[in-house]
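Chain letters run A, B, ... following the sequence lines, proteins first and then strands; every chain starts at 1.
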2 protein chains.
Amino acid sequence: MVHSGPDSSPPYYDPPMVTIADVARAAGVSPSTVSYVLSGKRSISETTRRRVHHSIRVLGYQPNAGARALASSRTNVVALVVPLRSDLNVPVVMEFVTATATAARTYDHDVLLLTADEGAAGLHRVVASSLADAIIVMDVEAAEPRVPVLRELGTPAVLIGVPDDPHGLTCVDLDFTAAGSDCVHHLADLGHRDIALIGPSPAVYRRGTSYAGRFLSGFRRTAATRGVEAATMACVPTYDGLRECLDDLLAGHRPATGLVVHNEAILGPLLSELARRQLSVPEDVSVLAVCPPDVAQAQAVPLSSVDIPAVELGRLAVELAMRLLDGPAEPEVRLLPPRLTARGSTGPVVA
Amino acid sequence: MVHSGPDSSPPYYDPPMVTIADVARAAGVSPSTVSYVLSGKRSISETTRRRVHHSIRVLGYQPNAGARALASSRTNVVALVVPLRSDLNVPVVMEFVTATATAARTYDHDVLLLTADEGAAGLHRVVASSLADAIIVMDVEAAEPRVPVLRELGTPAVLIGVPDDPHGLTCVDLDFTAAGSDCVHHLADLGHRDIALIGPSPAVYRRGTSYAGRFLSGFRRTAATRGVEAATMACVPTYDGLRECLDDLLAGHRPATGLVVHNEAILGPLLSELARRQLSVPEDVSVLAVCPPDVAQAQAVPLSSVDIPAVELGRLAVELAMRLLDGPAEPEVRLLPPRLTARGSTGPVVA
DNA sequence: CGGCATCGTGTTAGCGCTAACGTCAGAACC
DNA sequence: GGTTCTGACGTTAGCGCTAACACGATGCCG
């Protein structure tokens, strides 16, 4: 039992910092040897390696991050810029964040969290103060203002999403154009001649969020190819907005028989509202969602969907960032192919 | 235009690191003076201060985080441990995370993101390697295994949620006991004699997540006081689970007329299912939710609810962490009083 | 058997910053 | 006119680590 003074409960107990010198002494080697054992940057005999590792374990040594960063100009931290908006898909964002953090750990890196409201200045701050080695940016807009800053900073960076001009930058995303296209094909194959896209909130389109536009264009192009009548609407994430949407889409003289929903927040309300209107899925109307699989499963009717592979994207973003750190790699735009899973909310048109 | 060599696009451009010495030279003072201007730890004449600030701005100086941490043993980083579980309230978690990051910035701190799967070892790692000055832990269980580690580490820590034995630790949370109580009072005041609590997934109870239990006990105790018949069930977040739940609650010879829903994920499905059963809200059944206000608003029927003040909690957690850093402060358990907002999904019992 | 890789290890100069210690001028006091 | 005090600043010793340099001991070749 440790007794540290007259008062038995000191407010904060000073941590007994273990340094590399302590380890070196315990193992009977020089500090640099310990360092080299840890970094593997030069050959070490099996016996000393074992002795060093043993001492490290016994003493509970953890290299001081600041000192290491100072000496090596490597922080082993990647910065992750998350959006603050509530008009986008929160569960997807969260999945992505945790996937990034988890993936970073497998590369012995940590994640520093930045919010988008710091804007380009935040990127500059983090780089200039050497808080991180690489940056991952989510929620990229078409005319992304942070892109020129990233290019100029010259820091390894990975964007989630593809800006209009990705020149020189590494990007990852779902291939939303293909996703839009696949959705149309799926419904057209089932015989639907009148379909509709219920997209994200108008605000998302307005600020030119890249994925929304790409999905839309894939959707429209393929609709034209397949000779399918395709309505498209943005939908504000409220119940009233949704009602109007449906009034428009289902009340014309050629009502839509297939709905593609690229707006996770309104999936639940949509199904409720369809039920209220006595429209059954998929008999009266087919519903195809764009969302993570677990969300699709959890609905009243398990939904056919195109997965948003947030976890995979997070892992990939980290992987590419690490590659950039290892040595200059060609910038690339990596689009994951969409995967459509039928779950019973889409079916053939009933004549 | 900068031209840096024969090849016009070098993969990565070396950042021209500006040091405190550069600033000092430009301002005609010593490095320490610049440091003191920045920290305010000793008096500086107005003229010098201005000259220094000017040079800082002109050169775009940002102190090197590693060097600063090494010299001062202060990182200006708080670690935030987020849960990885998908069985809890994702939007609330995300709100909390962003609120924490934003609040930390107002104190000139950054946030390092840890995932709960690193467990106690992660806490040790972060502290031992001096990656952060303080730790904020979310999703605290009743018998929280990380609590003893935190106590022993002696690092300033704030828990979101209250473990069984919070002795010596600072905790913040919504007062879930009071929230459970308030819900019963609200329904009882409206004349309901038979109410039910639909709680989180059984997994949440099983692992003893503190808030679930506290809400439940507040609910039960007050139900007893008010002489209200109160059923309680955990509900798995699937549509089928929900159906069973409702079968039990609404089919007895004394069916519940008021539902308290402490499970954000099933709010949507619940309303759909009630509609399917031709039960209208609040005429046939009152629904009272525990969730953030925006979620309550976005439902088919705007829901009366007890707010989960994620943003406020995040801010508060950071604030308390900063207080702990400033100097040893008394550990405290801070419970925010619940706020119940009636939105029309709860009404008097129709006889 | 001398030279020359190669391997395993020690020694040490910083990395950029902070904070403890000095210094020095002028005000204030008796 | 000493003495003390109090701003306002300069000088410098580390913080813990990495990586460049150095060095002895083998082994192998001619």
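As a whole-Å value, the separation of A:L70 CG from D:dC15 C1' is 9 Å. Atom C1' of nucleotide D:dC9 and atom CD of B:E46 are separated by 16 Å, given to the nearest angstrom. A:R25 places its CZ atom 12 Å from the P atom of D:dC17, with the value rounded to the nearest Å. Rounded to an integer number of Å, the gap from A:D133 CG to D:dT18 P is 14 Å. Residue B:L38 contributes atom CG, which lies 12 Å from atom P of C:dA19 at whole-angstrom precision. Between A:I56 atom CD1 and D:dC17 atom C1' there is a gap of 13 Å when expressed in whole angstrom units. Counting to the nearest Å, the C1' atom of C:dG14 and the CE atom of B:M17 are 13 Å from each other. Atom-to-atom, CD1 of B:I20 to P of D:dG14 comes out at 19 Å; the value is rounded to the nearest Å.
The A:Y36 side chain lies nearest to D:dA20 when the options are D:dC9, D:dA20, D:dG16. Counting only heavy atoms from C-beta on, A:A67 has its side chain closest to D:dC17 among C:dT18, D:dC17, D:dA8. Considering only side-chain atoms of B:P63, the nucleotide from C:dG8, D:dT11, C:dC17 that sits closest is C:dC17.
In terms of polar N and O atoms assigned as donor or acceptor, the side chain of A:S45 never comes within less than 3.5 Å of the base of C:dT9 in a complementary pairing. A donor-acceptor contact under 3.5 Å is formed by the side chain of B:R42 with the base of D:dG10. With hydrogens and angles ignored, no donor-acceptor pair under 3.5 angstrom links the side chain of B:S73 to the base of C:dT18.
Between A:R323 and A:E319, at least one side-chain N (NZ, or NE/NH1/NH2) sits under 4.0 Å from a carboxylate O, which counts as a salt bridge. Here A:R146 does not pair with A:D139 in a salt bridge; the nearest charged N to carboxylate O distance is not below 4.0 Å.
Looking only at distances, a side-chain donor or acceptor of B:R51 sits under 3.5 Å from a matching main-chain atom of B:A27.
Of the side-chain N and O atoms in B:S72, none sit less than 4.0 angstrom from OP1 or OP2 of C:dT18. In this model, the phosphate group of D:dC17 is approached by a side-chain N or O of A:Y61 to a distance below 4.0 Å at OP1 or OP2. At D:dC9, one or more side-chain N or O atoms of B:T48 fall inside 4.0 Å of OP1 or OP2 (strictly under the cut-off). In this structure, A:T33 does not reach the C:dT9 phosphate: none of its side-chain N or O atoms is under 4.0 Å from OP1 or OP2. In this structure, B:K41 does not reach the C:dT18 phosphate: none of its side-chain N or O atoms is under 4.0 Å from OP1 or OP2. Here B:T19 does not reach the OP1 or OP2 of C:dG16: none of its side-chain N or O atoms lies under 4.0 Å away.
To the nearest 0.5 angstrom, B:I44 atom CD1 is 7.0 Å from B:R49 atom CZ. Rounding to the nearest 0.5 Å places CG of A:N64 at 10.0 Å from OG1 of B:T75.
Each of A:A65 and B:S32 was assigned the nucleotide of DNA chain D with the nearest heavy atom; the assignment lying further toward the 5' end belongs to B:S32.
Between A:V37 and A:V29 the shortest side-chain heavy-atom distance does not fall below 4.5 Å.
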